[in-house]
> 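Mind looking over this structure? Questions follow.
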Amino acid sequence: MHIPDGFLSTNTWVATWVFSAGGLGFCIKKTKEILKDKMVPLMGVMSAFIFAAQMLNFPVIGGTSGHLLGGVLAAALLGPWAGAIVIACVLAVQCLIFQDGGLTALGANIFNMSIIGTIGGYFVYRLIAKAVGGDKGVMAGVAIAAWLSVVIASSACAIELALSGTSPLQVALPAMAGVHALIGIGEAIISCLVIGFVIKARPDLVYNYEEE
Amino acid sequence: MRKKDIVLGLLAALFLAFVLSPFASPWPDGLERVAEDKGFLEKGEVEPALASPMPDYAWPGIKSERMATSMAGVVGTLMVFGAGYGIAALLKKNEEH
(Lines give C-alpha, C1' and ligand atoms only; values in the text may rest on other atoms or scores of the structure.)
Protein backbone atom coordinates (compact mmCIF):
# COMPACT_ATOMS: atom_id res chain seq x y z
CA MET A 1 0.00 0.00 0.00
CA HIS A 2 2.77 2.43 -0.91
CA ILE A 3 0.98 5.65 -1.81
CA PRO A 4 2.40 7.29 -4.97
CA ASP A 5 2.69 11.03 -5.62
CA GLY A 6 -0.61 12.57 -6.72
CA PHE A 7 -3.01 10.64 -4.48
CA LEU A 8 -2.72 13.00 -1.50
CA SER A 9 -3.60 16.68 -1.22
CA THR A 10 -0.89 19.06 -0.06
CA ASN A 11 -2.53 19.52 3.33
CA THR A 12 -2.59 15.77 3.88
CA TRP A 13 0.93 14.96 2.82
CA VAL A 14 2.44 17.87 4.71
CA ALA A 15 0.52 16.94 7.89
CA THR A 16 1.52 13.28 7.68
CA TRP A 17 5.16 14.27 7.04
CA VAL A 18 5.08 16.37 10.22
CA PHE A 19 3.51 13.55 12.28
CA SER A 20 5.99 11.02 10.93
CA ALA A 21 9.03 13.23 11.51
CA GLY A 22 7.91 13.82 15.09
CA GLY A 23 7.17 10.13 15.59
CA LEU A 24 10.54 9.05 14.21
CA GLY A 25 12.30 11.65 16.36
CA PHE A 26 10.65 10.08 19.39
CA CYS A 27 11.65 6.59 18.16
CA ILE A 28 15.27 7.70 17.82
CA LYS A 29 15.26 9.06 21.37
CA LYS A 30 13.75 5.84 22.77
CA THR A 31 16.01 3.59 20.69
CA LYS A 32 19.13 5.35 22.00
CA GLU A 33 18.01 4.52 25.53
CA ILE A 34 17.43 0.81 24.99
CA LEU A 35 19.75 -0.10 22.12
CA LYS A 36 21.87 -3.12 23.04
CA ASP A 37 25.03 -4.10 21.17
CA LYS A 38 23.45 -7.21 19.69
CA MET A 39 20.59 -5.12 18.27
CA VAL A 40 22.88 -3.02 16.04
CA PRO A 41 23.58 -5.69 13.38
CA LEU A 42 20.06 -7.06 13.86
CA MET A 43 18.66 -3.71 12.70
CA GLY A 44 20.68 -4.07 9.50
CA VAL A 45 19.67 -7.70 8.94
CA MET A 46 15.98 -6.99 9.64
CA SER A 47 16.01 -4.02 7.23
CA ALA A 48 17.54 -6.22 4.52
CA PHE A 49 15.18 -9.13 5.17
CA ILE A 50 12.03 -6.99 5.20
CA PHE A 51 13.07 -5.11 2.07
CA ALA A 52 13.66 -8.39 0.22
CA ALA A 53 10.47 -9.97 1.55
CA GLN A 54 8.47 -6.90 0.49
CA MET A 55 9.50 -7.60 -3.11
CA LEU A 56 7.72 -10.95 -3.00
CA ASN A 57 4.13 -10.16 -3.93
CA PHE A 58 1.80 -13.09 -3.40
CA PRO A 59 -1.58 -13.39 -5.15
CA VAL A 60 -4.61 -12.92 -2.87
CA ILE A 61 -7.69 -12.87 -5.07
CA GLY A 62 -8.19 -12.70 -8.82
CA GLY A 63 -5.92 -10.02 -10.17
CA THR A 64 -4.76 -8.64 -6.82
CA SER A 65 -1.53 -9.26 -4.92
CA GLY A 66 -0.11 -8.28 -1.58
CA HIS A 67 3.25 -8.39 0.13
CA LEU A 68 4.68 -8.44 3.61
CA LEU A 69 4.68 -5.17 5.51
CA GLY A 70 6.92 -6.51 8.26
CA GLY A 71 6.15 -4.00 11.01
CA VAL A 72 5.09 -6.49 13.67
CA LEU A 73 7.89 -8.84 12.60
CA ALA A 74 10.49 -6.09 13.09
CA ALA A 75 8.96 -4.95 16.37
CA ALA A 76 8.80 -8.49 17.81
CA LEU A 77 12.58 -8.72 17.44
CA LEU A 78 13.67 -5.11 17.94
CA GLY A 79 10.90 -3.56 20.01
CA PRO A 80 8.51 -0.90 18.75
CA TRP A 81 10.93 2.04 18.48
CA ALA A 82 13.84 0.39 16.64
CA GLY A 83 11.27 -1.63 14.65
CA ALA A 84 9.62 1.56 13.43
CA ILE A 85 13.02 2.99 12.42
CA VAL A 86 13.75 -0.17 10.40
CA ILE A 87 10.43 0.05 8.52
CA ALA A 88 10.92 3.78 7.87
CA CYS A 89 14.41 3.03 6.55
CA VAL A 90 13.02 0.39 4.14
CA LEU A 91 10.27 2.78 2.98
CA ALA A 92 12.78 5.58 2.39
CA VAL A 93 15.05 3.41 0.20
CA GLN A 94 12.05 2.04 -1.71
CA CYS A 95 10.88 5.59 -2.41
CA LEU A 96 14.24 7.20 -3.22
CA ILE A 97 15.84 4.40 -5.25
CA PHE A 98 12.94 2.37 -6.67
CA GLN A 99 10.10 4.90 -6.95
CA ASP A 100 7.93 2.61 -4.83
CA GLY A 101 5.81 5.19 -3.02
CA GLY A 102 6.06 8.91 -3.81
CA LEU A 103 8.41 11.33 -2.08
CA THR A 104 5.53 13.64 -1.11
CA ALA A 105 3.61 10.58 0.15
CA LEU A 106 6.58 9.15 2.07
CA GLY A 107 5.40 10.87 5.26
CA ALA A 108 2.00 9.21 4.94
CA ASN A 109 3.56 5.85 4.08
CA ILE A 110 5.82 6.06 7.15
CA PHE A 111 2.87 7.20 9.27
CA ASN A 112 0.68 4.26 8.15
CA MET A 113 3.18 1.42 8.11
CA SER A 114 5.92 2.45 10.50
CA ILE A 115 4.22 4.62 13.14
CA ILE A 116 0.73 3.04 13.23
CA GLY A 117 1.47 -0.41 11.79
CA THR A 118 4.69 -1.12 13.65
CA ILE A 119 4.32 0.68 16.98
CA GLY A 120 0.57 0.09 17.22
CA GLY A 121 1.02 -3.50 16.11
CA TYR A 122 3.69 -4.07 18.74
CA PHE A 123 1.41 -3.11 21.63
CA VAL A 124 -1.35 -5.39 20.33
CA TYR A 125 1.24 -8.19 20.11
CA ARG A 126 2.46 -7.60 23.68
CA LEU A 127 -1.06 -7.47 25.07
CA ILE A 128 -1.94 -10.85 23.56
CA ALA A 129 1.46 -12.41 24.32
CA LYS A 130 1.11 -11.48 28.00
CA ALA A 131 -2.51 -12.59 28.25
CA VAL A 132 -1.87 -16.01 26.70
CA GLY A 133 1.67 -16.50 28.00
CA GLY A 134 4.64 -18.55 26.83
CA ASP A 135 5.68 -19.30 23.26
CA LYS A 136 2.03 -19.86 22.35
CA GLY A 137 1.31 -16.32 23.47
CA VAL A 138 4.14 -14.92 21.36
CA MET A 139 2.89 -16.78 18.28
CA ALA A 140 -0.77 -15.86 18.83
CA GLY A 141 0.23 -12.25 19.47
CA VAL A 142 2.36 -12.07 16.33
CA ALA A 143 -0.39 -13.63 14.18
CA ILE A 144 -3.21 -11.37 15.34
CA ALA A 145 -1.11 -8.18 15.54
CA ALA A 146 0.40 -8.83 12.09
CA TRP A 147 -3.06 -9.18 10.54
CA LEU A 148 -4.43 -6.18 12.42
CA SER A 149 -1.43 -3.97 11.57
CA VAL A 150 -2.08 -4.40 7.85
CA VAL A 151 -5.82 -3.71 8.18
CA ILE A 152 -5.26 -0.65 10.39
CA ALA A 153 -2.50 0.75 8.16
CA SER A 154 -4.71 0.34 5.09
CA SER A 155 -7.59 2.03 6.92
CA ALA A 156 -5.33 4.97 7.78
CA CYS A 157 -4.42 5.11 4.09
CA ALA A 158 -8.14 5.20 3.20
CA ILE A 159 -8.70 8.07 5.64
CA GLU A 160 -5.83 10.03 4.04
CA LEU A 161 -7.31 9.40 0.58
CA ALA A 162 -10.67 10.67 1.83
CA LEU A 163 -9.13 13.75 3.49
CA SER A 164 -7.39 14.46 0.17
CA GLY A 165 -10.67 14.29 -1.75
CA THR A 166 -9.28 11.39 -3.80
CA SER A 167 -11.93 8.87 -2.80
CA PRO A 168 -14.83 9.29 -0.34
CA LEU A 169 -14.40 7.47 2.98
CA GLN A 170 -17.46 5.28 2.54
CA VAL A 171 -15.90 4.01 -0.69
CA ALA A 172 -12.19 3.88 0.17
CA LEU A 173 -12.42 2.49 3.71
CA PRO A 174 -14.37 -0.73 3.06
CA ALA A 175 -12.43 -1.34 -0.16
CA MET A 176 -9.00 -0.85 1.45
CA ALA A 177 -9.79 -2.68 4.70
CA GLY A 178 -11.52 -5.48 2.78
CA VAL A 179 -8.68 -6.35 0.42
CA HIS A 180 -6.09 -5.88 3.18
CA ALA A 181 -8.01 -8.24 5.47
CA LEU A 182 -6.97 -10.88 2.92
CA ILE A 183 -3.41 -9.59 2.49
CA GLY A 184 -3.15 -9.54 6.29
CA ILE A 185 -3.53 -13.33 6.37
CA GLY A 186 -0.32 -13.59 4.33
CA GLU A 187 1.31 -11.11 6.73
CA ALA A 188 0.31 -13.27 9.71
CA ILE A 189 1.56 -16.50 8.11
CA ILE A 190 4.96 -15.06 7.08
CA SER A 191 5.46 -13.29 10.43
CA CYS A 192 4.66 -16.51 12.35
CA LEU A 193 6.99 -18.60 10.17
CA VAL A 194 9.89 -16.22 10.82
CA ILE A 195 9.22 -15.71 14.54
CA GLY A 196 8.63 -19.45 15.01
CA PHE A 197 12.04 -20.09 13.45
CA VAL A 198 13.76 -17.43 15.57
CA ILE A 199 12.20 -18.76 18.80
CA LYS A 200 13.64 -22.20 18.01
CA ALA A 201 17.02 -21.07 16.70
CA ARG A 202 17.84 -17.88 18.63
CA PRO A 203 15.19 -17.05 21.24
CA ASP A 204 17.51 -14.42 22.73
CA LEU A 205 16.90 -12.30 19.61
CA VAL A 206 13.19 -11.92 20.43
CA TYR A 207 12.63 -8.56 22.13
CA ASN A 208 11.99 -8.99 25.88
CA TYR A 209 11.67 -12.77 25.37
CA GLU A 210 13.04 -13.60 28.84
CA GLU A 211 10.09 -11.78 30.40
CA GLU A 212 7.55 -14.17 28.89
CA MET B 1 24.42 -11.24 17.32
CA ARG B 2 27.41 -13.24 16.23
CA LYS B 3 29.08 -12.73 12.88
CA LYS B 4 27.74 -16.07 11.66
CA ASP B 5 24.15 -15.01 12.38
CA ILE B 6 24.61 -11.70 10.58
CA VAL B 7 25.98 -13.46 7.49
CA LEU B 8 23.21 -16.08 7.56
CA GLY B 9 20.49 -13.45 7.98
CA LEU B 10 21.87 -11.36 5.16
CA LEU B 11 22.22 -14.42 2.91
CA ALA B 12 18.58 -15.33 3.58
CA ALA B 13 17.54 -11.81 2.54
CA LEU B 14 19.75 -11.95 -0.57
CA PHE B 15 18.23 -15.33 -1.49
CA LEU B 16 14.73 -13.82 -1.37
CA ALA B 17 15.85 -10.79 -3.38
CA PHE B 18 17.92 -12.58 -6.01
CA VAL B 19 16.25 -15.96 -6.47
CA LEU B 20 12.60 -15.43 -5.55
CA SER B 21 11.83 -11.79 -6.47
CA PRO B 22 11.57 -12.43 -10.26
CA PHE B 23 8.75 -14.87 -9.50
CA ALA B 24 6.68 -12.44 -7.42
CA SER B 25 3.08 -11.90 -8.50
CA PRO B 26 2.90 -9.14 -11.12
CA TRP B 27 -0.70 -8.33 -10.18
CA PRO B 28 -1.48 -4.89 -8.74
CA ASP B 29 -1.32 -4.66 -4.95
CA GLY B 30 -4.23 -3.82 -2.64
CA LEU B 31 -4.02 -0.03 -3.02
CA GLU B 32 -3.51 -0.17 -6.81
CA ARG B 33 -6.48 -2.54 -7.11
CA VAL B 34 -8.71 -0.19 -5.09
CA ALA B 35 -7.46 2.82 -7.07
CA GLU B 36 -8.32 1.04 -10.32
CA ASP B 37 -11.74 -0.20 -9.15
CA LYS B 38 -12.74 3.12 -7.60
CA GLY B 39 -11.47 5.18 -10.51
CA PHE B 40 -8.68 7.27 -9.00
CA LEU B 41 -5.66 5.45 -10.43
CA GLU B 42 -4.99 8.22 -12.95
CA LYS B 43 -4.41 10.68 -10.07
CA GLY B 44 -1.14 8.86 -9.44
CA GLU B 45 -0.03 9.24 -13.03
CA VAL B 46 1.76 12.49 -12.33
CA GLU B 47 5.42 13.30 -12.74
CA PRO B 48 7.04 11.84 -9.60
CA ALA B 49 8.39 14.46 -7.18
CA LEU B 50 11.78 12.84 -7.52
CA ALA B 51 13.14 10.73 -10.37
CA SER B 52 14.51 7.49 -8.90
CA PRO B 53 17.43 5.65 -10.49
CA MET B 54 15.65 2.26 -10.64
CA PRO B 55 11.89 2.68 -10.97
CA ASP B 56 9.85 -0.53 -10.61
CA TYR B 57 12.79 -2.51 -9.27
CA ALA B 58 14.48 -2.91 -12.64
CA TRP B 59 18.24 -2.51 -12.99
CA PRO B 60 18.63 -0.30 -16.07
CA GLY B 61 20.19 -1.76 -19.20
CA ILE B 62 19.63 -5.45 -18.45
CA LYS B 63 17.52 -7.04 -21.18
CA SER B 64 16.27 -10.01 -19.17
CA GLU B 65 13.42 -8.73 -17.02
CA ARG B 66 14.07 -11.39 -14.39
CA MET B 67 17.75 -10.58 -14.13
CA ALA B 68 17.00 -6.85 -13.95
CA THR B 69 14.66 -7.49 -11.00
CA SER B 70 17.16 -9.81 -9.29
CA MET B 71 19.98 -7.27 -9.60
CA ALA B 72 17.79 -4.44 -8.30
CA GLY B 73 16.75 -6.69 -5.42
CA VAL B 74 20.33 -7.50 -4.46
CA VAL B 75 21.46 -3.87 -4.63
CA GLY B 76 18.42 -2.70 -2.66
CA THR B 77 18.90 -5.39 -0.01
CA LEU B 78 22.55 -4.41 0.49
CA MET B 79 21.61 -0.71 0.61
CA VAL B 80 18.97 -1.13 3.31
CA PHE B 81 21.29 -3.46 5.22
CA GLY B 82 23.91 -0.71 5.22
CA ALA B 83 21.35 1.97 6.07
CA GLY B 84 19.77 0.01 8.94
CA TYR B 85 23.15 -1.06 10.34
CA GLY B 86 24.58 2.42 9.91
CA ILE B 87 21.70 4.19 11.65
CA ALA B 88 21.86 1.71 14.53
CA ALA B 89 25.64 2.09 14.88
CA LEU B 90 25.26 5.88 14.85
CA LEU B 91 22.59 5.81 17.56
CA LYS B 92 24.75 3.47 19.64
CA LYS B 93 27.80 5.69 19.26
CA ASN B 94 25.92 8.85 20.15
CA GLU B 95 24.62 7.23 23.30
CA GLU B 96 28.08 6.21 24.50
CA HIS B 97 29.48 9.73 24.28
Side-chain angles (χ1 to χ4, degrees), chain A residues 1-7 28 31-33 35 37-49 51-53 55-60 63-67 82 85-86 89-90 92-100 102-104 154 157 161 166-167 171-172 175-176 179-180 183 202 205, chain B residues 1 3 5-6 9-10 12-18 20-21 23-35 37-40 42-57 69 72-73 75-89 91-92 94-95:
Chain A
M1 68 185 93
H2 294 41
I3 307 171
D5 289 322
F7 276 15
I28 285 173
T31 302
K32 274 185 182 172
E33 290 168 16
L35 195 62
D37 278 326
K38 68 174 181 186
M39 284 170 65
V40 172
L42 187 58
M43 279 179 75
V45 170
M46 282 311 287
S47 304
F49 185 85
F51 171 85
M55 286 184 79
L56 308 178
N57 284 62
F58 48 84
V60 279
T64 307
S65 72
H67 62 68
I85 293 174
V86 159
C89 173
V90 170
V93 171
Q94 287 171 330
C95 163
L96 297 174
I97 310 294
F98 301 102
Q99 219 153 311
D100 191 7
L103 183 61
T104 55
S154 70
C157 174
L161 292 172
T166 299
S167 183
V171 172
M176 282 298 284
V179 67
H180 286 90
I183 295 172
R202 289 292 307 274
L205 291 182
Chain B
M1 233 188 162
K3 211 168 198 172
D5 298 313
I6 301 169
L10 188 57
L14 288 170
F15 175 81
L16 299 182
F18 187 77
L20 296 186
S21 74
F23 301 100
S25 169
W27 286 343
D29 76 2
L31 175 60
E32 286 169 317
R33 163 59 56 205
V34 170
D37 289 351
K38 306 303 173 193
F40 60 89
E42 73 281 359
K43 280 209 169 192
E45 283 158 8
V46 293
E47 196 63 24
L50 172 108
S52 310
M54 278 182 263
D56 294 322
Y57 300 88
T69 304
V75 170
T77 301
L78 293 173
M79 282 182 80
V80 283
F81 174 75
Y85 203 138
I87 291 168
L91 293 180
K92 187 81 205 154
N94 276 348
E95 192 49 24

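A note on names: the letters A, B, ... follow the listed sequences, proteins ahead of strands, and every chain is numbered from 1.
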> Looking at every non-hydrogen atom in both residues, tell me the closest pair between B/Leu31 and A/Cys157 and how far apart they are.
CD1-SG, 4.0 Å
> If we define contacts as heavy-atom pairs under 4.5 Å, which of A/Pro41, A/Ser154, A/Cys89 has the most with chain B?
A/Pro41
> In terms of heavy-atom proximity below 4.5 Å to chain B, should A/Ile3 be classed as side chain, backbone, both, or neither?
both
> At a 4.5 Å cut-off on heavy atoms, which part of A/Thr31 comes close to chain B: side chain, backbone, both, or neither?
side chain
> For chain A, which candidate among B/Phe23, B/Phe81, B/Phe18 shows the most heavy-atom pairs at distances under 4.5 Å?
B/Phe81
> Checking A/Val45 against chain B: side chain, backbone, both or neither under 4.5 Å from a heavy atom?
both
> Identify which of B/Gly9, B/Gly73, B/Gly82 forms the greatest number of heavy-atom pairs closer than 4.5 Å to chain A.
B/Gly73
> Give, for atom CZ of A/Phe7 and atom CD of B/Glu45, the distance between the pair rounded to the nearest 0.5 Å.
8.5 Å
> Tell me, do B/Thr69 and A/Met55 make a side-chain contact under 4.5 Å, heavy atoms counted?
yes
> Between A/Val90, A/Leu42, A/Ile183, which has the largest tally of heavy atom pairs under 4.5 Å with chain B?
A/Leu42
> In terms of heavy-atom pairs under 4.5 Å with chain B, which of A/Met39, A/Met46, A/Met1 leads?
A/Met1
> Could you work out, with side chain to side chain donor-acceptor pair (under 3.5 Å) as the rule, every residue matching A/Thr104, not counting sequence neighbours?
A/Asp5
> Would you mind telling me which of A/Gly102, A/Ala82, A/Ala92, A/Ser167 has the largest number of heavy-atom pairs within less than 4.5 Å of chain B?
A/Ser167
> Using a 4.5 angstrom heavy-atom cutoff, name the option from B/Leu14, B/Leu20, B/Leu10 with the most pairs to chain A.
B/Leu20
> What is the minimum heavy-atom distance between A/Phe58 and B/Ser25, and which atoms define it?
C-CB, 4.1 Å
> Look at A/Leu161, A/Thr166, A/Val60, A/Val93 and state which one has the largest set of heavy-atom pairs under 4.5 Å with chain B.
A/Thr166
> Let me know if A/Leu56 has heavy atoms under 4.5 Å from chain B in its side chain, its backbone, both or neither.
both
> Looking at CE of B/Met54 and CG of A/Asp100, how far apart are the two atoms once the value is rounded to the nearest 0.5 Å?
13.0 Å
> Do other residues, nucleotides or ligands put more than 12 heavy atoms under 6.0 Å from the CD atom of B/Glu47?
no
> Top residue by heavy-atom pair count (under 4.5 Å) with chain A, among B/Tyr85, B/Tyr57, B/Phe15?
B/Tyr57
> Under a 4.5 Å cutoff for heavy-atom pairs, which residue among A/Pro4, A/Gly6, A/Ala53, A/Ala48 has the most contacts with chain B?
A/Ala48
> Any non-hydrogen side-chain atom of B/Leu16 less than 4.5 Å from a side-chain atom of B/Ser21?
no
> Taking B/Ala13, B/Ser52, B/Gly84 one by one, which has the highest count of heavy-atom pairs under 4.5 Å against chain A?
B/Ser52
> Locate the shortest heavy-atom distance separating B/Val80 from B/Thr77; write the atom from each residue and the value.
CG2-O, 3.3 Å
> Stepwise, does the side chain to side chain contact (heavy atoms under 4.5 Å, CB included) test hold for A/His67 with A/His2?
CA-CA 11 Å; A/His67 62 68; A/His2 294 41; 3.8 Å; yes
> Does any backbone or side-chain atom of A/Val86 lie under 4.5 Å from a heavy atom of chain B? Answer side chain, backbone, both or neither.
neither
> Could you measure the distance from the CG atom of A/Leu35 to the CD1 atom of A/Ile85? Nearest 0.5 Å is fine.
8.5 Å
> Any chance you could measure B/Lys92, atom NZ, to A/Met43, atom CE, to the nearest 0.5 Å?
11.5 Å
> Report which part of A/Leu205 has an atom under 4.5 Å of a heavy atom belonging to chain B: side chain, backbone, both, or neither.
side chain
> Between B/Pro28, B/Gly86, B/Gly44, B/Pro26, which shows the greatest number of heavy-atom pairs under 4.5 Å with chain A?
B/Pro28
> So what's closer than 4.5 Å to chain A heavy atoms on B/Ala51: side chain, backbone, both or neither?
backbone
